[in-house]
Amino acid sequence: MIQAKGLTKIYGTRYALRGVDLEAEAGEILGVFGPNGAGKSTLVRILAGQAKPSSGSVTLCGHPLATEAAQARACTGVVGHLTYLYDDLTAVENLRFFARMFGLHLKEPELLERLSRVGLRGREHEPVRHFSRGMQQRLALARATLHNPRVLILDEPYTGLDRQASLFLDNLVRDFAREGGTVLLVTHDVDHGLNIATRVLLLVSGRVVDQGPADAFSAQTIVTAYETGRKVPQA
Ligand SMILES: Nc1ncnc2c1ncn2[C@@H]1O[C@H](COP(=O)(O)OP(=O)(O)OP(=O)(O)O)[C@@H](O)[C@H]1O
Ligand SMILES: [Mg+2]
């Protein structure tokens with residue numbers, strides 16, 4: 001579902017990514033970990049089609065991003081550092097706006113159903129500026145999944161969420177994967193991320209230093225790899 005080969009991104013003279021290869025299949029939750037500046041958000045932006053790699057290629061749901069961008073993006077939902085919501089519009093107005101932008105013909109009851117899926121029913125007619133950070137994050141998720149994507153890419157989605165909201169997000173992510181979706185999840189919350197991920201990818205200084213099934217990792221091996229920039233041999 002997600003395939004990246006030899007992704008390199010150079011900003012001026014700085015390498016943000018150096019030959020990243022990754023693959024995630026249907027039903028997988030790929031947890032991407034790495035210290036600040038490792039290249040995680042750069043990777044997310046490239047997969048989302050928001051930035052072009054200096055070299056390498058991305059395929060989403062079988063569509064090469066370079067040549068079939070519209071199809072690749074149509075199968076992908078992204079929640080990045082920004083929510084892209086309009087503060088002055090209500091929750092339902094935001095969804096209506098983005099549905100139209102995606103060329104989707106969703107009627108009012110369908111939009112309300114999407115809001116109830118993310119636990120925002122009852123707040124649909126309030127402007128987003130009245131929403132707490134967690135509520136905005138929920139609405140951002142509803143926005144990112146309006147077109148029923150098969151791939152979901154989340155960059156630090158737990159930031160600012162309380163316990164209840166993060167459990168809620170966990171359930172949403174697990175259901176999405178259980179129904180055959182593929183999730184790529186970037187997080188600094190190693191314990192939490194390890195708990196939900198089915199596979200792990202460790203990125204340090206733009207390189208993949210380790211990857212494998214989540215049960216082959218512990219929070220400690222991930223943190224040590226962060227610090228040393230190297231794969232930690234398993235005991
Ligand atoms: N638009 C840009 N212009 C120049 N350099 C950039 C740009 N975006 C990212 N970089 C550089 O690329 C490297 C990777 O940044 P990136 O944002 O991908 O890291 P990250 O792993 O997401 O870090 P964090 O954990 O802090 O979110 C950093 O050295 C950063 O300064
Ligand atoms: Mg980042």
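Remember, it's a predicted structure, so these values are computed and weren't measured experimentally. Whatever order the structure lists them in is the order used to number ligands and atoms, beginning at 1.
For ligand 1, one of its N or O atoms has an N or O atom of Asn36 under 3.5 Å away.
The residue among Gly37, Ser41, Gly12 with a heavy atom at the shortest distance from atom 22 (O) of ligand 1 is Ser41. Residue nearest to atom 20 (P) of ligand 1, selected from Arg45, Lys40, Arg14: Lys40 (by heavy-atom distance). For atom 11 (C) of ligand 1, the candidate residues are Tyr15, Tyr11, Phe33; the nearest heavy-atom contact is made by Tyr11.
In this model, a donor atom of one side chain and an acceptor atom of the other lie less than 3.5 Å apart for Asp170 and Tyr158. No hydrogens or angles considered: nothing links the side chains of Ser132 and Gln136 as a donor-acceptor pair under 3.5 Å. Judged by distance alone, the side chains of His63 and Glu68 do bring a donor and an acceptor atom under 3.5 Å apart.
Residues Arg150 and Cys61 are in side-chain contact: their nearest non-hydrogen atoms beyond the backbone lie under 4.5 Å apart. Between Leu95 and Leu139 there is a side-chain heavy-atom pair separated by less than 4.5 Å.
Relative orientation of the Phe102 and His147 rings is tilted, given thresholds of 30° and 60° on the angle between their planes.
When heavy-atom distances to ligand 1 are checked against a 4.0 Å cut-off, His188 comes that close only through its side chain, counted from C-beta outward.
In this structure, Ile46 is a member of the same hydrophobic cluster as Leu30, with clusters built from ILVMFWY side-chain heavy atoms closer than 4.5 Å.
In summary, Thr42 places no N/O/S atom under 2.8 Å from the Mg ion (ligand 2), failing the contact criterion.
Among all protein heavy atoms, the one lying closest to atom 16 (P) of ligand 1 is Thr42 OG1, 3.6 Å.
Using a cut-off of 4.0 Å between Lys/Arg side-chain N and Asp/Glu carboxylate O, Asp155 and Lys40 are scored as not salt-bridged.
Atom 14 (C) of ligand 1 lies below 4.0 Å from at least one non-hydrogen atom of the protein.
For ligand 1, the atoms sitting less than 4.0 Å from at least one non-hydrogen atom of Ala16 are 12 (O), 13 (C), numbered in the order shown with element in parentheses. In the vicinity of Glu156, heavy-atom distances shorter than 4.0 Å reach the ligand 1 atoms 25 (O), 27 (O).
Distances from ligand 1 to the non-hydrogen atoms of Gly39 include at least one value under 4.0 Å.
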